[in-house]
Number of protein chains: 2
Amino acid sequence: MAVRKQIESSLSVQEPLKRKGLSVTDSRKKILQLFMQQKGALSHGDIEKKAGATFDRVTIYRTLQTFLDKGIIHAIPSSDNAVRYALCQDECGPGHHHHQHIHFICGRCKQTFCLDDIVTPDLHLPKGYQSQEIDVLVKGTCKQCSATSKRA
Amino acid sequence: MAVRKQIESSLSVQEPLKRKGLSVTDSRKKILQLFMQQKGALSHGDIEKKAGATFDRVTIYRTLQTFLDKGIIHAIPSSDNAVRYALCQDECGPGHHHHQHIHFICGRCKQTFCLDDIVTPDLHLPKGYQSQEIDVLVKGTCKQCSATSKRA
DNA sequence: TACAAAAAAGCAACATAGTTGCAAAAATCA
DNA sequence: TGATTTTTGCAACTATGTTGCTTTTTTGTA
Ligand SMILES: [Mn+2]
Ligand SMILES: [Mn+2]
Ligand SMILES: [Zn+2]
Ligand SMILES: [Zn+2]
């Protein structure tokens, strides 16, 4: 049973890699799996912890960069010098990420979430400024943490 | 002439420090001056370069933290692990920063600007999510860079 | 102005984060 | 399977950030 599950998830992890023209390696499978199992976003450090000593630190850096380049993950800015990454839902590809959703950073559980249904608003910029990409970061208390504090 | 200018700016730099209840030291004056002379935002690294070997790296870290705590500067998130800082225009104080403006990151000149007149939009969050603070980061080409490319 | 108390700066040592070149290992494809 | 291409691991290095402790500077008061 455990074996079967492992095979299944391994298979489902191979597809996206091949579709993006990447060779399928242990580290790429493992790291992609981590992202898929995860509700929130992951920093380099998070992955290092979760993957344990399985891979070299450098491999994780390079894998994240590759995933970013290929449009498998997107970067989420932060004010704590720890950029988070999350899977792209939309059809992102090499060179072009086009996300419209906003990001939520919970001060309680410290997790960062993609709110895929909330679209970034239109902005009226001053004359001369040309916008290419908009990131909206909302800090507050997430759904889960709001619920638990209400119950307590 | 040069001396007079120096005295003037030194005076104008002391006021804000005293008003926030901070003792006036060389590094605080110098760093605050750097922010006031600057159109764009500054990272820790920027300050280290601009201040030269005048101060210890640790002093710069601690000064930025102090300025942040007292509401003299605010932090601007980034996707490159280099948080920028800029002067607070609004009346921020210990504990409470309340900014409504958005930030513009120019891909050309790599500078980050506060667009103090552009107010962060209202967002409709999913049920359960509680918002405390909103950061809007716009990436694109700034006014100045747009102008120079048009001319060329 | 001089002095004591409080605050900040500097220094050292350390921890963590990120980069690069190169040789060994693994994946791909014919 | 075996040659070719790609990726990984390792080492060495740079950069970034933190902490404890001592010295220096600032402040408020006598
Ligand atoms: Mn996202
Ligand atoms: Mn700002
Ligand atoms: Zn939460
Ligand atoms: Zn620019």
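Letters A, B, ... mirror the listed sequences (proteins, then strands); counts begin at 1.
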Problem set entry | Exam field: side chain B/Arg108 to backbone B/Cys142, donor-acceptor pair closer than 3.5 Å |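 Looks like no, no N/O pair under 3.5 Å.
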
For this session: Using atom types as modelled and distance alone, determine if a side-chain donor or acceptor of A/His99 lies under 3.5 Å from a backbone N or O of A/Asp135.
Result: no

Using whole Å, what does the distance between atom [atom2] of nucleotide [N] and atom [atom1] of [X] come to?
{"X": "B/Ile47", "N": "D/dG17", "atom1": "CD1", "atom2": "P", "value": "11 Å"}
{"X": "A/Leu32", "N": "D/dT7", "atom1": "CG", "atom2": "P", "value": "15 Å"}
{"X": "B/Ile60", "N": "D/dT16", "atom1": "CD1", "atom2": "C1'", "value": "12 Å"}
{"X": "B/Tyr85", "N": "D/dT16", "atom1": "OH", "atom2": "P", "value": "13 Å"}
{"X": "A/His44", "N": "D/dT16", "atom1": "NE2", "atom2": "C1'", "value": "15 Å"}
{"X": "A/Arg62", "N": "D/dG9", "atom1": "CZ", "atom2": "P", "value": "9 Å"}
{"X": "A/Phe55", "N": "D/dC10", "atom1": "CZ", "atom2": "P", "value": "12 Å"}

Problem set entry | Minimum-distance nucleotide (side-chain atoms of B/Val58 versus D/dC10, D/dG17, D/dT19) |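 When the side chain of B/Val58 is considered, D/dT19 is the closest of D/dC10, D/dG17, D/dT19.
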
For this session: Could you tell me whether the side chain of A/Lys20 reaches within less than 4.5 Å of the side chain of A/Phe67, counting heavy atoms only?
Result: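 No, every pair of side-chain atoms sits at 4.5 Å or beyond.
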
For this session: Just jot down the side-chain hydrogen bond (donor to acceptor under 3.5 Å, both in side chains) partners of B/Ser79, sequence neighbours excluded, or say none.
Result: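 B/Ser79 satisfies side-chain hydrogen bond (donor to acceptor under 3.5 Å, both in side chains) with B/Lys139 only.
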
Exercise. Is B/Arg57 near enough to D/dG17 that one of its side-chain N or O atoms lies under 4.0 angstrom from OP1 or OP2?
Worked result: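 Answer is no, no contact under 4.0 Å.
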
Exercise. Earliest and latest nucleotide of DNA chain C, 5' to 3', sitting under 4.0 Å from a non-hydrogen atom of chain A?
Worked result: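 From 5' to 3', the first and last contacting nucleotides are C/dA17 to C/dT28.
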
Exercise. Starting at the 5' end of DNA chain C and moving along, which residue's nearest nucleotide shows up first, A/Lys49 or B/Thr63?
Worked result: B/Thr63

Problem set entry | From CD (A/Gln65) to CD1 (A/Ile60), nearest 0.5 Å |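 The distance works out to 14.0 Å.
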
For this session: Tell me what B/Arg28 touches on the nucleic acid: a base, only sugar-phosphate, or nothing, going by heavy atoms under 4.0 Å.
Result: sugar-phosphate

Exercise. With a 4.0 Å cut-off on heavy atoms, is B/Ser27 in touch with a base, just the backbone sugar-phosphate, or nothing at all?
Worked result: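 Counting heavy atoms under 4.0 Å across all strands, the contact made by B/Ser27 is with sugar-phosphate only.
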
Exercise. How are the rings of A/Tyr129 and B/Phe113 set to each other: parallel, tilted or perpendicular (split at 30° and 60°)?
Worked result: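 It falls in the perpendicular class, over 60°.
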
Exercise. Do A/Asp46 and A/Ser43 have side-chain N/O donor and acceptor atoms under 3.5 Å apart?
Worked result: yes

For this session: Please check if atom NE2 in A/His124 has more than 12 non-hydrogen atoms from other residues, nucleotides or ligands closer than 6.0 Å.
Result: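 Open: at most 12 neighbouring heavy atoms sit under 6.0 Å from NE2 of A/His124.
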
Problem set entry | Closest heavy-atom pair and its distance - A/Phe104, A/Thr141 | CZ-O, 3.3 Å

Write out a two-atom table: protein N or O, nucleotide N or O from nucleotides 22-30 of chain D, distance below 3.5 Å.
unit_1	atom_1	unit_2	atom_2	d
D/dT27	OP1	B/Val24	N	2.6

